[in-house]
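Structure record follows, encoded as structure tokens.
Hydrogens, waters and symmetry mates play no part in the numbers below; they use all other heavy atoms, side chains included. In each ligand, atom 1 is the first atom listed, and ligand 1 is the first ligand listed.
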Amino acid sequence: MARWVLHVDLDQFLAAVEVLRRPELRGRPVVVGGDGDPTKRGVVSTASYEARAYGVHSGLPLRMAARRCPDAVFLPVDRELYEAVSDEVMAALRSLGAVVEVLGWDEAFLAVDGDPEAVAEEIRARVHAATGLDCTVGIGENKLQAKIATGLGKPAGVFRLTGDTWFAVLGDRPTDALWGIGAKTAKRLRELGITTVSELAAADPGALAERFGPATGPWLVRLARGLGGSAVSDAPHVPRSRGRETTFQQDLDDWTRVRREVSRLARRVADDVADEHGDVARVVVKVRYAPFTTRTHGSTLDAPTSVPERIEEAALAALARFAGRRPVRLLGVRAEFARPRPRPVTGA
Ligand SMILES: [Mg+2]
């Protein structure tokens with residue numbers, strides 16, 4: 001197996017692509033999101049570094065972004081363009097002859113041997129030559145280390161994070177610095193008196209198993225020790241779920257309509273599922289109440305299926321679990337596939 005895992009992530013991808021086609025925007029705060037109108041509903045997809053300096057970040061409502069940074073240039077999401085540029089990026093990565101595992105539009109893992117810094121600089125040069133875009137490359141002994149290294153190397157840098165430097169770099173950081181630990185898990189860990197990566201690494205896996213479950217508990221400790229992650233694989237990407245969501249320009253306060261919209265979204269998801277030839281094990285419904293509180297509930301199917309009626313029923317069963325009947329600004333339905341493709345696990 002290759003000695004090194006490299007994680008490549010384009011810097012401010014959507015904003016950078018927009019600046020490429022409109023060079024007069026270079027150096028200005030640029031916000032890409034929704035249909036580019038900050039008086040309408042929608043959220044930020046990507047903000048340029050200039051806009052981030054004003055506290056604008058992905059997921060922020062566009063209106064809030066306009067308030068924080070009134071001088072920002074707002075642009076609509078141009079999915080087709082980003083997909084085309086993404087294809088060029090991935091082609092540049094594949095031109096190195098390494099195994100490339102695509103993670104998203106602007107992210108990939110590579111398995112490489114030799115001098116990893118030299119390969120990383122070669123990657124940055126080839127991506128820039130092909131697209132004019134900057135990227136950051138994280139170097140690690142596994143995917144987890146490489147992915148976190150990228151965050152530390154941003155922007156336009158190369159950063160190496162290995163077992164030898166893991167605790168010196170991350171030991172005192174909060175647990176949600178780890179890839180896979182979000183705000184919710186970090187909060188539950190804090191309730192157990194575990195705040196930092198070092199504290200989590202020293203925690204008893206058995207005790208965490210009791211609190212988080214037999215698989216997740218010990219996995220959290222392994223994460224904190226910088227271990228694990230599967231091997232880099234160029235097997236075609238198999239999605240684990242398909243989802244659709246809609247933001248309403250006017251809140252829905254009639255829950256009969258909310259039900260109808262959830263049915264409609266579930267049918268569209270069922271169409272997507274049919275395209276993937278997958279069977280659905282669970283359906284999750286997301287409700288964002290006005291002004292901006294988001295809740296999710298799921299419903300597990302009796303048996304995995306792709307039958308649209310069953311998927312719709314499961315979505316409505318999940319919706320029935322929402323206690324609040326307050327006005328709704330966004331609805332989402334996501335179908336999770338049964339049995340994600342197993343990936344080989346490395347010993348590292
Ligand atoms: Mg990126």
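- With sequence neighbours left out, Asp176 forms a salt bridge (Lys or Arg N to Asp or Glu O under 4.0 Å) with no residue at all.
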Can you give me every donor-acceptor pair (side chain of residues 53-64, partner residue at least two apart or in another chain, under 3.5 Å) with its distance?
unit_1, atom_1, unit_2, atom_2, d
Ser58, OG, Ser45, O, 3.2
Arg63, NE, Thr39, O, 3.3
Arg63, NH2, Thr39, O, 3.2

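- For the residue pair Asp164 / Thr162, no side-chain donor-acceptor distance below 3.5 Å is found, with atom types taken as modelled.
- Asp106 contributes OD2 as its N, O or S atom closest to the Mg ion (ligand 1).
- Between the Mg ion (ligand 1) and Glu107 there is no N/O/S contact shorter than 2.8 Å.
- Using a 3.5 Å distance cut-off with no hydrogens or angles, the side chains of Lys143 and Ser230 do pair a donor with an acceptor.
- Looking only at N/O/S atoms, Asp9 comes nearest to the Mg ion (ligand 1) through OD1.
- For the Mg ion (ligand 1), the N/O/S atoms of Leu10 include one lying under 2.8 Å.
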